[in-house]
Amino acid sequence: MPELPEVETVRRGLQPAMEGRRITQMRVNRPDLRFPFPARFAARLTGARIDSLERRAKYLVARLSTGEALIMHLGMTGRFLIETPEALVAPGAFHREPGAGAIHDHVIFSLEGDARVTYNDVRRFGYMDLVPLDGLAECRHFKGLGLEPLGNTLSGAMIAKLFAGKFAPLKAALLDQRLIAGLGNIYVCEALFRARLHPEAPAGSIATKTGRPRASAHRLAETIRDVLTEAVAAGGSTLRDFAHTDGTLGYFQHAFRVYDREGKPCVTSGCGGTVTRIVQSGRSTFYCPLCQKR
DNA sequence: CGGTGCACCTGTATGC
DNA sequence: TGCATACAGGTGCACC
């Protein structure tokens, strides 16, 4: 469930259960997720207080009282079950009937105040790591990460500078976390549609030869910001994997204009186009061939 | 170096 | 019903 809006939604859901609380017990049910857990993972977390829970791009970052940070990436199917005495379900978490299957529960945090947070990940593309707090930005996960699209650095001028001279398609450039960090397949499709830009156009085409922004670069910066802001406000998107959630996870999927709408009419009034699906670098791209120009 | 394609893993939907 | 195939929100790495 994990583009920026979904991760931010999860962060907000986990915050009350985790922030300011000490980890009293860790259960780690396997030696690895996508990567092996770091050495003595459970021991290094047990007894630590979580001073804050933050987000960087698609990562969750728990700052710990031990001088380390717990970094969590949700991959494709990572999600959290949150159980606290105050509420059995929190925004951004999934819900499960008591006693229901737990075969993909990989990590369980027990926290002060009888709170419990369970990390569940069917495909295990997610991972967790512990890194020193000092020099967090230089750790191997964050070094080389591009700009935060909801920060104050995203602008038409900045995107033009990043994309200038690139022949990779816009779709690929927007998915490249080294340039802009946090977009994924859904929100790239949606932002390109809103900016009326063709996903196969060369990334460099939004800039002049000298790297100055064209009008399309400004449009793109604005639509990225807009779609992410709206999605965060909606609590992210809930896709097929989460059909059995209780609905607290978000409803932005109802606002998709192109994603997963192959064969449906373009929503632009008077356009008359049909949403089309193509495959770019092995992943589905949805777009309107009439609205979106190269 | 820039760009592309596949591998990683499990579950579900679809078609024969 | 059974079985084969395609596809799914991500990304690290091998390869041209």
Side-chain angles (χ1 to χ4, degrees), chain A residues 1-11 29-36 55-60 71-80 92 94 100-106 119-129 139-146 149 162-191 199-204 227-228 231-232 234-245 249-256 258-263 277-286:
Chain A
M1 44 164 326
E3 297 182 44
L4 186 154
E6 291 73 37
V7 177
E8 176 60 22
T9 299
V10 168
R11 187 193 70 78
N29 286 331
R30 47 178 302 126
D32 55 28
L33 292 172
R34 181 171 188 189
F35 305 114
R55 180 190 58 74
R56 166 77 172 105
K58 302 176 191 174
Y59 293 87
L60 291 170
I71 292 180
M72 298 180 278
H73 193 287
L74 306 185
M76 292 275 263
T77 53
R79 53 188 190 162
F80 289 95
F94 77 98
I103 55 167
H104 298 300
D105 289 358
H106 306 306
Y119 179 73
N120 176 288
D121 188 347
V122 169
R123 294 174 74 181
R124 304 201 303 275
F125 289 168
Y127 54 92
M128 298 188 186
D129 198 7
C139 79
R140 80 188 124 118
H141 308 287
F142 294 164
K143 184 184 52 166
L145 260 193
L162 290 171
F163 286 13
K166 293 197 180 298
F167 289 92
L170 273 173
K171 170 84 186 294
L174 289 167
L175 283 174
D176 189 338
Q177 305 295 301
R178 295 169 301 183
L179 302 174
I180 300 171
L183 295 170
N185 206 33
I186 293 177
Y187 298 106
V188 165
C189 290
E190 294 295 316
E200 291 178 311
V227 75
L228 293 179
V232 168
S237 303
T238 305
L239 297 200
R240 47 203 129 244
D241 292 358
F242 296 85
H244 54 290
T245 63
L249 230 181
Y251 47 88
F252 191 75
Q253 67 278 10
H254 302 302
F256 291 168
V258 286
Y259 186 82
D260 209 16
R261 293 194 67 247
E262 182 181 16
R277 174 183 171 271
I278 58 174
V279 175
Q280 291 180 282
S281 46
R283 315 198 58 196
S284 290
T285 297
F286 300 88

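In what follows, every chain begins at residue 1, and chains take the letters A, B, ... in the order their sequences are listed. Any value given below was found using the heavy atoms of this structure, including those in side chains, with hydrogens, waters and symmetry copies removed. A quick note: this is a predicted structure, and the numbers were derived from the prediction, not measured.
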Return the value, rounded to whole Å, for the distance between atom CE of A:Met76 and atom C1' of C:dT11. 10 Å

In whole angstroms, the gap separating P of C:dA8 from CD of A:Glu6 amounts to 16 Å

Kindly assign one of parallel, tilted or perpendicular to the pair A:Tyr127 and A:Phe35, based on the angle between their ring planes and the thresholds 30° and 60°. perpendicular

Looking only at side-chain N and O atoms, does A:His104 come under 4.0 Å of OP1 or OP2 in B:dG11? yes

Closest non-hydrogen contact found for A:Pro169 with A:Pro199 is CB-O, 3.4 Å

Which value, rounded to the nearest 0.5 Å, describes the distance between A:Thr285 atom OG1 and A:Leu170 atom CG? 11.0 Å

A:Phe286/A:Phe256 aromatic ring centres below 6.0 Å: no

Could you tell me whether the phosphate oxygens of C:dG10, OP1 or OP2, come under 4.0 Å of any side-chain nitrogen or oxygen in A:Gln177? no

Tell me whether A:Phe125 and C:dT11 count as stacked here, given that the ring centres must be under 5.5 Å apart and the planes must differ by less than 30 degrees. no

Which residue in the set A:Glu8, A:Glu3, A:Glu6 passes salt bridge (charged side-chain N to carboxylate O under 4.0 Å, His left out) when paired with A:Arg55? A:Glu8

Check: protein-nucleotides 2-5 of chain B nitrogen or oxygen pairs below 3.5 Å:
| from | atom 1 | to | atom 2 | distance (Å) |
| --- | --- | --- | --- | --- |
| B:dG3 | OP1 | A:Phe167 | N | 2.7 |
| B:dG3 | OP1 | A:Ala168 | N | 3.2 |

With a cut-off of less than 4.0 Å, is there a side-chain N or O of A:Ser284 near OP1 or OP2 of C:dA8? yes

Can you check the distance between C:dC3 and B:dC9, where both ends of the measurement are the P atom (answer in whole Å)? 24 Å

Of the listed C:dT11, C:dG10, B:dC9, the closest approach to the A:Arg124 side chain comes from B:dC9

Indicate the atoms forming the closest heavy-atom contact of A:Ala203 with A:Ala173, along with that distance. CB-CB, 3.6 Å

A:Arg283, nearest nucleotide to its side chain (from B:dG11, C:dT11, B:dC9): C:dT11

In whole angstrom, give the distance that lies between atom CG of A:Leu33 and atom P of C:dT11. 15 Å

Could you tell me how far apart A:Ile71 (CD1) and C:dG10 (P) are, to the nearest whole angstrom? 19 Å

Starting at atom CZ of A:Arg79, determine the distance to atom C1' of C:dG10, rounded to an integer number of angstrom. 17 Å

Using a cut-off of 4.0 Å on non-hydrogen atoms, how would the nucleic acid contact of A:Arg34 be classed: base, sugar-phosphate, or nothing? base

Mind checking if A:Phe252 touches a base, just sugar-phosphate, or nothing, with heavy atoms under 4.0 Å? nothing

Measure the distance from CD on A:Gln253 to P on C:dA8 and round it to the nearest whole Å. 17 Å

Please tell me whether A:Thr77 and A:Arg123 have a donor and an acceptor in their side chains that are separated by less than 3.5 angstrom. no

So what stems show up for DNA chain B if we need 3 or more Watson-Crick or G-U pairs in a row, all under 3.5 Å? B:2-8 with C:10-16, B:10-16 with C:2-8

Please report the distance, rounded to the nearest Å, between NZ in A:Lys171 and P in C:dT11. 13 Å

CG of A:Leu74 to OH of A:Tyr119, rounded to nearest 0.5 Å, is 5.0 Å

I want to check one thing: is the phosphate of B:dG11, taken as OP1 and OP2, less than 4.0 Å away from some side-chain N or O of A:Arg123? no

In this structure, how many angstroms lie between the P atom of B:dT14 and the CD atom of A:Glu262, rounded? 13 Å

Does atom CZ of A:Arg30 have more than 12 heavy-atom neighbours, drawn from other residues, nucleotides or ligands, at distances under 6.0 Å? yes

Report yes if a side-chain nitrogen or oxygen of A:His73 is closer than 4.0 Å to either non-bridging phosphate oxygen (OP1 or OP2) of C:dT11; otherwise report no. yes

For the side chain of A:His254 and the backbone of A:Phe252, is there at least one donor-acceptor N/O pair under 3.5 Å apart? no

